[in-house]
Amino acid sequence: MSSRVTILGAGVAGLCVATELVARGLRPRILDPMGAPGRHGCSWWAGGMLAPFCEGESAEPEVTRLGLTAADWWQAAGAQVHRRGSLVVTLARDRRELDRFARRTGGHVRLDGAGLAGVEPGLADRFTTALHFPEEAHVDPRAALAALVAGLDRAGVVIETEAAPTHHPDAPSDADAGAARPSGASQDATPRCDYATGEAAGRVAGAPMGGAGVEIAVGRAVAEERSPDRLGSETRSRLVTGGAPLPGAKGGQADTGRERAADAGMGDPTRIALPTDPGRAGDPHAGHTAPGELTVDCRGLASCPLLPGLRGVRGEMAVLRAPGVTLDRPVRLLHPRHPLYIVPRGDGLYMLGATQIESAARGPATLRSVVELLSAAYALDPAFGEAEVLEIGADARPAFPDNLPRVLRQGDTIHVNGLFRHGFLLAPAMARRAADMILGTSTEGRPCRSC
Amino acid sequence: MPVFYGTEVGSRLMLGTAQYPSPGILRDAFLRSGAGIATVSLRREGAGDGAGAAFWELIRDMGVPVLPNTAGCHSVREAVTTAHMAREYFGTDWIKLEVVGHEDTLQPDPFGLVEAARILSDDGFRVFPYTTEDGVLGGRLIEAGCEVLMPWGAPIGTGLGLNNIYGLRTLRAQFPDVPMVIDAGLGLPSQAAHAMELGFDAVLLNTAVARAGDPAAMAEGFALALRAGRLAFEADPMEPRDMAAPSTPQLGLAVLS
């Protein structure tokens, strides 16, 4: 058993592994040069549905099995879990899609109009039947990540943005010694989950961008890379378009490099300051950990060079504010061309997701994707027509060829990767598996298929 | 096996590569069915800028010839541009030409199709036009340089099968020497078998396989149906007739009671 563990990457995978290890009495380091979760990572753009049954419609059965305990894990980790089930509906023309979905999933009951009115009255005047998955749940991904950051902070684990090989948290040391620089979010442990509300947005590098109060957030283009207050400040509302920072925005140089890397399907090399010499590619923790220590690599697509077969799958999403819409639980609209899910975020905010495109591109959402998402939302409830579009986001998710996640060991490195579109659903199970491996309960890296 | 532009392909089954639950299942579908050609959409998956490289590597690794398409193009200009990008990216002058004429039905724009086919053929492309069963249109496409026709069975993704059997039969008879592929609209192997019985050379599928509960099994089902239907076509089936005709003579049977 090793008590010296360094986790690379502070996305949903890295933070879940860290939380699981803390729960088991370890005190890992977390390294992420981008600091706390933010727009630079695909976890930020997630839907946050804990929907093991619905995902089973197209995913391998393992996804359902591994996802069943996710809601309990998140709750135990301090996240607010909304256990209100989820709904699946179709427009009348596509009724047979609902039959097919029902055949291929479990854990649901069929609702008629009256039943639907009892569960989700806001849908009852437009839909006369639905599938209800009462055991499913959802989280606000940004709030859930903030809850993990806060929990880790209470345990004395902060997200370090630069490597400090001589100062491991387990070693008696001054937390501020060396080059270690806790991220802003770690210093301020208050869980936050900011959305681009009209009040905070609408400025471009300090200049008004018009009266719309709309923030277009671009997954790749994080203008305020080193901003200490990424998780809660008006400064994050700087707007970047087309991947190029606007005048006055910081981070232009780094962005160019990351753009090239993303285009090459290599993820984002600036996310973790690792040796990029190919000769050392198999030893990503070199310089960060002493011999005998373990590294848990949770860097997602940035680990592409180390993990054959890992690829990016692009997703695009939007966040709307629609006070006229009242939905309390995730709703999926089955559609032959434009399937959609809507996840309520509270306070009239709704997340619309998500496209799934075989591409590692992390650039801005395309018009086609946005039109399709917004049209589908409008078809679900015309009241969305008056919604404010607060965010349009895009990023690429790491996936293996079978779209199943892996916990793999390579020497002293354990990879947790390939969570695909199931980050919040499957990260807890992967974190448990990684912890088992670290604590000696399990010694082999296996794809989850074989477990 | 069918010969397209002088190249014999290994199967009468052509499979699209979109909408599968995972690339692993896509690969299983190809392996189990022995599909002879993989069609790929350049536009949607962003292969043009290299960001989809990982996915295309998976497809290339299957060792199946690739037929890029211009899916989603609504104009001649879009289709021609996409074809050029595809030729550069995939290193093939084969192009499945789609020019969408109507957003709801996705039916081909016959006028744009002929124009784009001429432009691309003149530019050295080997054009596989996604067309209707209209024989006049088929003739114009052949004049424009196409040596293959790909008439629809039904609108893309509907699974309705062969909507206009008379029209398809007429088209087949009108150009007996032109290889023809039923492209789009098939949902079941029996429909593919029917296409073979009508004398078509191949079928192209995507949704029917990718959206099946078990895509690999469905792909194999189609492959078997194609073999059955083609065997039947080559075996010169009997003509239907109204008069019942016993296969065993009635005269001379022993009277046992």
Side-chain angles (χ1 to χ4, degrees), chain A residues 55-61 63 93 96-97 100-101 103-105 220 259-267 301 304 307-314 334-337 339 355-363 366 368-369 371-372 375 394 396 398-404 418 420-421 447 449, chain B residues 16-31 38 40-62 71-74 78 89 100 103-106 154-160 185 187 206-208 210-216:
Chain A
E55 290 300 318
E57 186 260 341
S58 60
E60 300 279 349
V63 170
R93 185 190 59 187
R96 281 180 289 189
E97 295 285 321
R100 179 186 55 79
F101 199 93
R103 279 201 311 274
R104 294 186 187 174
T105 55
R220 177 182 62 196
E259 184 174 343
R260 274 199 304 271
D263 287 347
M266 302 288 279
L301 283 176
C304 263
L307 294 173
L310 194 70
R311 74 189 196 286
V313 181
R314 178 176 164 84
L334 306 182
H335 188 282
R337 285 194 214 172
T355 56
Q356 188 171 310
I357 299 169
E358 287 290 345
S359 166
R362 304 179 69 199
T366 62
R368 176 192 296 270
S369 296
V371 165
E372 288 173 359
S375 301
F400 288 105
D402 56 6
N403 290 345
L404 287 173
F420 184 46
R421 54 179 276 167
R449 172 192 287 284
Chain B
T17 54
Q19 303 182 62
Y20 291 79
S22 71
I25 289 174
L26 161 70
R27 182 183 168 83
D28 289 346
F30 272 85
L31 289 177
V40 293
S41 165
L42 181 83
R43 237 164 170 253
R44 185 63 176 157
E45 309 294 3
D49 60 5
F55 183 67
W56 304 125
E57 266 174 39
L58 289 167
I59 290 175
R60 270 192 285 257
D61 285 350
M62 297 190 307
C73 291
H74 287 71
E78 271 184 296
Y89 189 78
V100 177
E103 182 57 33
D104 285 347
T105 62
L106 299 179
I156 295 169
T158 59
L160 291 171
N206 193 338
T207 310
R211 289 300 196 197
D214 184 342

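Just so you know, these numbers come straight off a predicted model, no measurement behind them. Convention: sequence-line order gives letters A, B, ...; per-chain numbering from 1.
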### Task
Provide the closest heavy-atom pair for B/P21 versus A/S58 in the form atom of the first, atom of the second, distance.
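In terms of heavy atoms, the two residues are closest at CB-O, 3.1 Å.
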### Task
Could you tell me which non-hydrogen atom of A/R368 sits nearest to which non-hydrogen atom of B/G72, and how far apart they are?
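Answer, listing the atom of A/R368 first, then B/G72: NH2-O, 3.9 Å.
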#### Entry: Nearest heavy-atom neighbours spanning B/T105 and A/R337
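In terms of heavy atoms, the two residues are closest at N-NH2, 4.4 Å.
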### Message
Within the 4.5 Å heavy-atom criterion, are B/P23 and A/N403 side-chain neighbours or not?
### Response
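SC-SC contact between B/P23 and A/N403 confirmed.
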#### Entry: Residues in side chain to side chain donor-acceptor pair (under 3.5 Å) contact with B/R27, at least two apart in sequence or another chain
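Scan of B/R27 (side chain to side chain donor-acceptor pair (under 3.5 Å), adjacent residues dropped) gives none.
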### Query
Can you name the residues that form a salt bridge (charged side-chain N to carboxylate O under 4.0 Å, His left out) with A/R100, not counting sequence neighbours?
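Partners of A/R100 by the salt bridge (charged side-chain N to carboxylate O under 4.0 Å, His left out) criterion, ordered by chain and then number, come out as A/E57, A/E97.
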### Query
So which part of A/R103 gets closer than 4.5 Å to some heavy atom of chain B, the side chain, the backbone, both or neither?
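Looking at A/R103, nothing touches chain B.
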### Task
Kindly indicate whether the side chain of B/T17, heavy atoms from C-beta on, has any atom under 4.5 Å from the side chain of A/E358.
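No, too far: nothing below the 4.5 Å cut-off.
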#### Entry: Considering all heavy atoms, the nearest B/A212-A/R104 contact
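Answer, listing the atom of B/A212 first, then A/R104: C-NH2, 3.4 Å.
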